[in-house]
**Q** 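I have a structure here, written as structure tokens, and I will follow up with some questions on it.
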Amino acid sequence: MSEKSKFSWGAGVATGVGSMPGTDAREAAKTVTGSLEALPYLPELPARGPGADMIGRTAGLLVEVFAHVEPSGWRISDRPGRDTRRARSWLGEDLDAIEEFTQGYQGPLKVSAVGPWTLASALELRGGEAALSDPGACRDLTASLVEGLRNHLTEVRRRVPGAQVVLQLDEPSLTAVLLGQVRTASGYRTHRAVDRAVVEGALRDLVGLARDVTGAPPVVHSCAPNVPFALLRRAGVEGVSFDFSLLTERDDEAIGEAAEAGTKLFAGVVPGVDGPLSDPAGSVMGVRTLWRRLGLSPGTLAESVVVTPSCGLAGASPAYARAALAHCARAARSLADNPE
């Protein structure tokens, strides 16, 4: 089991995944901090356009690696240009907003960035192929990401001095990287699967960074099927965030081992797009059922599980996004009040 982080999550905690609807940074920060008192997060607003999307936002953090927008997506550049400047400007607006609404705040604050393998799958080299195709480019991207996140996390801590910063790495392409399912630029082939030890090693670099700067390992988020729980646990992450509806019984053993090792489970149980919301206790009924099936102690449930939407809320209406986050908070409290 990995070394314990320096702070406790507490019981009955909820949070969001990252993205929010709309283009107003202050409104998003106000919603997040008002709805999630125990674990607010720095929102992403991809509706603003390229540079506010998760790839562009993270590309803007990189050190000595730059990117610009092509019709096919984000491509590595020789120097910073308009797209890099726009990404950094929007992140600055987001930081201003979260700083405004966390005055005097003491407690965890989650910030997100794309992890090294999803970044390597999405960023194109100059010839148009994904950086994933070049092991050297993957190593360079990981090193650049480590330094960029070191700067970013330090800035968040400066702006919100009472925060215990929690880093979330978004890795929706991680399973595809491991299984060799990331398509080439032509679309006719796929890139070769990356060795699991290489994947784990890059993630360990980010775990080390997060420990150095924040005192806690990162959380890794993936809303894809077949999340590699065992690999992430070996890499030393603090928690794994996932879409609960995509779990199958094949995941039971890995989830049970992760929970017993102290890995936090960020269970995405509330839909990320507009629709009817069940009662809060009903939203976490599946989590309670899973806990019983795994033979885990009910007394550990509320401290082991953080309740979240199934994925980001960028595709939801503002009213639904507010309701969904409030619903997550009530569902988390129901786990604490009645773990069985």
Side-chain angles (χ1 to χ4, degrees), residues 1-2 9 13-18 112 114-118 121 168-182 193-200 202-204 206-207 217-272 278 281-312 328 331-332 334-335 339-340:
M1 183 169 63
S2 62
W9 298 91
V13 173
T15 192
V17 172
S112 303
V114 176
W117 296 107
T118 296
S121 301
Q168 175 182 299
L169 297 173
D170 293 321
E171 282 283 17
S173 299
L174 182 59
T175 299
V177 167
L178 291 166
L179 297 179
Q181 295 174 342
V182 177
V194 179
D195 184 86
R196 298 179 81 86
V198 174
V199 170
E200 186 177 324
L203 291 171
R204 281 188 177 278
L206 274 299
V207 169
V219 173
V220 172
H221 167 73
S222 174
C223 50
N226 303 312
V227 175
F229 288 95
L231 182 149
L232 294 172
R233 178 173 58 82
R234 289 195 306 271
V237 305
E238 174 84 2
V240 181
S241 171
F242 54 95
D243 181 343
F244 190 83
S245 70
L246 298 179
L247 292 183
T248 70
E249 291 194 10
R250 292 196 306 273
D251 297 308
D252 280 8
E253 182 177 354
I255 291 175
E257 289 175 351
E260 288 181 334
T263 305
K264 300 296 185 289
L265 303 175
F266 286 59
V269 297
V270 175
S278 68
S283 292
V284 288
M285 185 182 304
V287 178
R288 291 191 181 94
T289 301
L290 171 65
W291 221 248
R292 286 195 296 269
R293 191 166 75 233
L294 295 177
L296 298 171
S297 167
T300 66
L301 176 57
E303 291 192 355
S304 299
V305 173
V306 176
V307 176
T308 76
S310 57
C311 205
C328 287
S334 80
L335 275 186
E340 300 192 59

**Q** Quick one, V219 and V237 - any side-chain contact, counting heavy atoms below 4.5 Å?
**A** no
**Q** Please round to the nearest 0.5 Å and tell me the distance separating atom CD of Q181 and atom OG of S173.
**A**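 If we round to the nearest 0.5 Å, Q181:CD and S173:OG are 10.5 Å apart.
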**Q** Considering all heavy atoms of both residues, which atom of A254 and which atom of A230 are nearest to each other, and what is their separation?
**A** CB-N, 4.4 Å
**Q** Going from CG on D170 to SG on C223, what distance comes out if it is rounded to the nearest 0.5 angstrom?
**A** 8.0 Å
**Q** Enter the distance from E238:CD to Q168:CD here, rounded to the nearest 0.5 Å.
**A** 12.5 Å
**Q** Determine whether a donor-acceptor pair (N or O, by modelled atom type, separation under 3.5 Å) exists between the side chain of T175 and the backbone of N226.
**A**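 Pair found, side chain donor or acceptor close to backbone of N226.
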**Q** Measuring only between side-chain heavy atoms, which start at C-beta, is L178 closer than 4.5 Å to L231?
**A** yes
**Q** Could you check whether any side-chain heavy atom of P228 comes within less than 4.5 Å of a side-chain heavy atom of R196, counting everything from C-beta outward?
**A**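 Contact flag for P228/R196 side chains = yes.
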**Q** Which pair of heavy atoms, one from S278 and one from G282, lies closest together, and at what distance?
**A**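 For S278 versus G282, the nearest heavy atoms are OG-C, 3.9 Å.
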**Q** About how many Å separate CZ of R234 and OG1 of T263, when rounded to the nearest 0.5 Å?
**A** 11.5 Å
**Q** Do D251 and V227 have side chains that get closer than 4.5 Å, going by heavy atoms?
**A**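 Of all side-chain heavy-atom pairs linking V227 with D251, none is under 4.5 Å.
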**Q** Do F242 and L265 have side chains that approach each other closer than 4.5 Å (heavy atoms only, starting at C-beta)?
**A**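 Heavy-atom side-chain distance check passes, below 4.5 Å.
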**Q** A side-chain contact here means heavy atoms from C-beta on lying under 4.5 Å apart; do F229 and L232 qualify?
**A** no
**Q** Mind checking side-chain hydrogen bond (donor to acceptor under 3.5 Å, both in side chains) for T118 and listing every partner two or more places apart, or none if nothing turns up?
**A**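 Once residues adjacent in sequence are excluded, the partners of T118 under the side-chain hydrogen bond (donor to acceptor under 3.5 Å, both in side chains) criterion are E171.
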**Q** Testing V284, L296, I255 one by one against W291 for a side chain to side chain contact (heavy atoms under 4.5 Å, CB included), which residue passes?
**A** L296
**Q** May I ask you to test the V240-V220 pair for a side-chain heavy-atom distance under 4.5 Å?
**A**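 The answer is no; the side chains never approach within 4.5 Å.
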**Q** For the pair R288 (side chain) and P298 (backbone), establish whether a donor and an acceptor sit closer than 3.5 Å, ignoring hydrogens and angles.
**A**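 Not a single qualifying donor-acceptor pair exists.
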**Q** Would one find more than 12 heavy atoms of other residues, nucleotides or ligands at under 6.0 Å from atom CD of E257?
**A** yes
**Q** How far apart are the closest heavy atoms of A235 and V207, and which atoms are they?
**A**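 Taking every non-hydrogen atom into account, O-CG2, 3.3 Å.
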